[in-house]
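Notes for the one structure printed next.
Nothing here was measured: the structure is a model prediction, and the numbers come from that model. Labels below follow one simple rule: chain letters A, B, ... track the order of the sequence lines, proteins then strands, and each chain is numbered from 1.
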Amino acid sequence: MLDLKIIRKNSDKIKEAIKNKNESVDLDKLLSLDIKHRKLQTELDSMRHKKNKVSEEIAQSKRDGKDEVEKIQQMKKVSQDIKRLEKEEKEINEEIKSMLVWIPNIPHNSVPVGKNSSFNKIIRETPREKPTFTFLPHWQLAEVNKLVDFRRGAKVSGTNFPCFTGMGARLERALINFMLDTHISNGYKEIFSPFLVNRNAMFGTGQLPKLEEDMYLVEKDDMFLNPTGEVPITNLYRDETIKDENLPLKLVGYTACFRREAGSYGKDTKGLQRVHQFNKVELVKITEPSTSYEELETLTQDAEKILKLLKLPYRVMLLSTGDLSFASAKTYDLEVWAPGSEKFFEVSSISNFEDFQARRANIRMKKTGKLVYSHTLNGSGLATPRTFIAILENYQQEDGSIRIPSALIPYMGGLEIIEEK
RNA sequence: GGAGAGGUGGCCGAGUUGGCUGAAGGCAACCGCCUGCUAAGCGGUUGAACCCUUAACCGGGUUCCGUGGGUUCAAAUCCCACCCUCUCCGCCA
């Protein structure tokens, strides 16, 4: 959410941001409602002022033992008028608020302007080797080595609920533990959060109201299945003022993530590319405003470190305005190369939300005695399914077996090669 | 699920015969004084959001005692609904 005061003063800039992010909000309507609202509020305030003053006088008279029949009668009328105006004020205010939550965050100056992902910019890229034999895609490798049971996963849940089995399950668990350990030793504090989150949390990080359709809702309790670790972890600090000496807060947590992926059937759904339930290790930072862009760079490097240690080829993309999420001001995507699928897969989106989430979630800090909204950032470090894909496809051998990246061997109980058994 | 207790400022904690309580008292923090240093002591300051005004500071005003309604000239205080926390019992693991 943006500050209404800032919207007033920078309406042109906001309009441009809305356009560049492919959103549509009638900002002029909002601005005229705002003017109307402020006028009403000023009027109301002066009426209340009068009411308070006269009530005070009545109280004084009562104490002196005098009756103030006329004043009471007069105030009766004023109170009614106030109530009427309050109702009107409330309605307009609600309308303003409901429009405000649909205004996206403003992209940072360094973000390339463009309609869609084709305007994204490659920031850096690691070299990749040409396959020396015919590389298989991961779903074949997973099947040959019995690592994922798609059929039985679908039986107990539904399509795109993969079930990891045997060494596949072990590899999934190894990835999670390896990532957590790496980030913890890098100064992040481990969090193991709840997986069901309430509406306030979903609103706080900006998933609601825009993305409600993409979430699993437990209707009976009006709770959502966690769509990404940023929701429970960032919202841990909702409605709190964090002591500035504790900033930046660096948090890491494993979460299972659930997404409906509504409308994406048939698109990139083969194997583990796009699934309804997956695992993720999430990095969250809460920082003071002046350092958030430096923190974005180091956060990106911290996530990248996982790919480096796993020796997977990847590239870092700077998202253009059209590809930027609703709440983000600037985002880097990490894309891992999968030679069997001959595709790059997004394994992490690292974003600076500036104070957009903090304003919604009311996360503040004291800076030289003044309360300000802190900045929030997050990024996956990493999402496992596509990392899993990349390992299978990059580490496959001609006979269909898969080598284990050296960093993961200790997490695989010393196992160096996965072979069909 | 049942029974009870409770939700007040950064924290603790008064305040339920409605009015002088944005809120006593304490703690913490900050500023000053005092002291050879430390501790203690003395005086003062310290909530948030919003509106008007201002280049900004200042200033003026409104709102806020879990949330939302209601009663009243007037509500932290009375009434209704809801939410949350804690304790005990039951149930499930």
Exercise for review: Give the rounded distance in Å between these two atoms: CD of A/Gln80 and P of B/G70.
Suggested key: 13 Å
Exercise for review: Determine the Euclidean distance between corresponding C1' atoms of B/G22 and B/G15; express it in Å to zero decimal places.
Suggested key: 13 Å
Point to revise | Atom-to-atom span, NZ of A/Lys83 to P of B/U63 - whole angstrom | key: 14 Å
Point to revise | Note: A/Lys305-A/Asp302 ion pair, threshold 4.0 Å (strictly below) | key: no
Point to revise | B/A29 to B/G36 separation - C1' atoms, rounded to the nearest Å | key: 27 Å
Review point. Near RNA chain B, under 4.0 Å by heavy atom, which residues of residues 35-47 of chain A?
Key: A/Arg38, A/Gln41, A/Thr42, A/Asp45
Review point. Is A/Glu295 paired with A/Lys250 through a side-chain N to carboxylate O contact shorter than 4.0 Å?
Key: no
Exercise for review: Take atom C1' in B/G47 and the same atom in B/U35, then report the distance between them in whole Å.
Suggested key: 34 Å
Exercise for review: Determine the Euclidean distance between corresponding C1' atoms of B/U77 and B/A24; express it in Å to zero decimal places.
Suggested key: 16 Å
Check your understanding: Rounded to the nearest Å, what distance is computed from the CG atom of residue A/Asn200 to the P atom of nucleotide B/U67?
Key -> 13 Å
Review point. Over how many whole Å does the gap from A/Ile92 atom CD1 to B/C50 atom C1' extend?
Key: 15 Å
**Study point:** Presence of salt bridge, A/Lys15 and A/Asp28, under 4.0 angstrom
**Key:** yes
Practice item. Using the P atoms only, state how far B/U67 lies from B/A76, rounded to an integer number of Å. Key: 12 Å
Practice item. Please determine which of A/Thr291, A/Thr298, A/Thr376, A/Thr234 meets the side chain to side chain donor-acceptor pair (under 3.5 Å) test together with A/Lys285. Key: A/Thr298
Review point. What integer distance in Å separates A/Asn93:CG from B/C51:P?
Key: 10 Å
**Study point:** Between C1' of B/C51 and CG of A/Asp3, the distance in whole Å
**Key:** 14 Å
Review point. What pairs of residues pass the side-chain hydrogen bond (donor to acceptor under 3.5 Å, both in side chains) test when at least one of them lies in residues 165-182 of chain A, not counting sequence neighbours?
Key: A/Glu172-A/Asn279, A/Glu172-A/Thr384, A/Asp181-A/Tyr411
Produce the list of close N/O pairs, under 3.5 Å, pairing protein atoms with atoms of nucleotides 15-22 of chain B; give distances to one decimal.
{"unit_1": "B/G19", "atom_1": "O2'", "unit_2": "A/Arg63", "atom_2": "NH2", "d": "3.3"}

Check your understanding: Is the shortest side-chain N/O distance from A/Lys53 to OP1 or OP2 of B/U62 below 4.0 Å?
Key -> no
Study note, to complete from the structure: On RNA chain B, more 5' by nearest nucleotide between A/Arg48 and A/Ser79 is A/Arg48
Point to revise | Residue closer to the 5' end of RNA chain B, A/Arg364 versus A/Val54 (nearest nucleotide) | key: A/Arg364
Study note, to complete from the structure: By side-chain hydrogen bond (donor to acceptor under 3.5 Å, both in side chains), A/Tyr395 pairs with (sequence neighbours left out) none
**Study point:** A/Phe356/A/Phe326 aromatic ring centres below 6.0 Å
**Key:** yes
Practice item. Decide, yes or no, whether a salt bridge links A/Glu335 with A/Lys343 under the criterion of side-chain N to carboxylate O below 4.0 Å. Key: no
Review point. Can you tell me how far C1' of B/C51 sits from CG of A/Asp34, to the nearest Å?
Key: 11 Å
Review point. Taking atom C1' in both B/U8 and B/U16, what distance in whole Å separates the two?
Key: 13 Å
Check your understanding: So, for A/Phe164 and A/Phe388, is the gap between ring centers shorter than 6.0 Å?
Key -> yes
Protein-nucleic acid N or O pairs under 3.5 Å, nucleotides 8-10 of chain B:
none

Review point. Mind checking the P distance from B/G2 to B/C91? Whole angstroms is fine.
Key: 15 Å
Check your understanding: Reckon A/Asn52 has a side-chain N or O less than 4.0 Å from the OP1 or OP2 of B/U63?
Key -> yes
Review point. Is the shortest distance from a Lys or Arg side-chain nitrogen in A/Asp26 or A/Lys29 to a carboxylate oxygen in the other one below 4.0 Å?
Key: no
Revision key, fill the gap. Atom CE of A/Met223 and atom C1' of B/C84 are separated, to the nearest Å, by 13 Å
Review point. Can you check whether A/His49 has a side-chain N or O nearer than 4.0 Å to OP1 or OP2 of B/U62?
Key: yes
Check your understanding: Heavy atoms under 4.0 Å, any strand shown: does A/Arg8 hit a base, just sugar-phosphate, or nothing?
Key -> sugar-phosphate
Exercise for review: Taking the six-membered ring for Trp and the full ring for Phe, Tyr or His, determine whether the centres of A/His375 and A/Tyr293 are under 6.0 Å apart.
Suggested key: no
Exercise for review: Verify, without hydrogens or angle tests, whether A/Asn235 (side chain) and A/Ala201 (backbone) share a donor-acceptor contact under 3.5 angstrom.
Suggested key: yes
Review point. Would you write out the dot-bracket form of RNA chain B, 5' to 3', with Watson-Crick and G-U pairs under 3.5 Å, [ ] for crossing pairs, | for pairs to other strands and . for unpaired bases?
Key: ((((((((.[[[..)...(.....]]]((((((.......))))))((((((......)))))).[[[[[..)....]]]]])))))))....
Review point. Is the ring centre of A/Phe192 less than 6.0 Å from the ring centre of A/Tyr254?
Key: yes
Exercise for review: For A/Ile233 and A/Ile191, run side-chain contact (heavy atoms from CB on, under 4.5 Å): C-alpha distance rounded to whole Å, both residues' side-chain angles, the deciding distance at 0.1 Å, then the answer.
Suggested key: CA-CA 7 Å; A/Ile233 297 173; A/Ile191 304 289; 4.3 Å; yes
Review point. Is there a donor-acceptor pair under 3.5 Å between the side chain of A/Asn22 and the backbone N or O of A/Lys115?
Key: yes
Point to revise | Cationic tip of A/Arg260 above A/Tyr216 ring, under 6.0 Å, 45° of axis | key: yes
Point to revise | Distance, P atom - from B/A75 to B/C82, rounded to whole angstrom | key: 24 Å
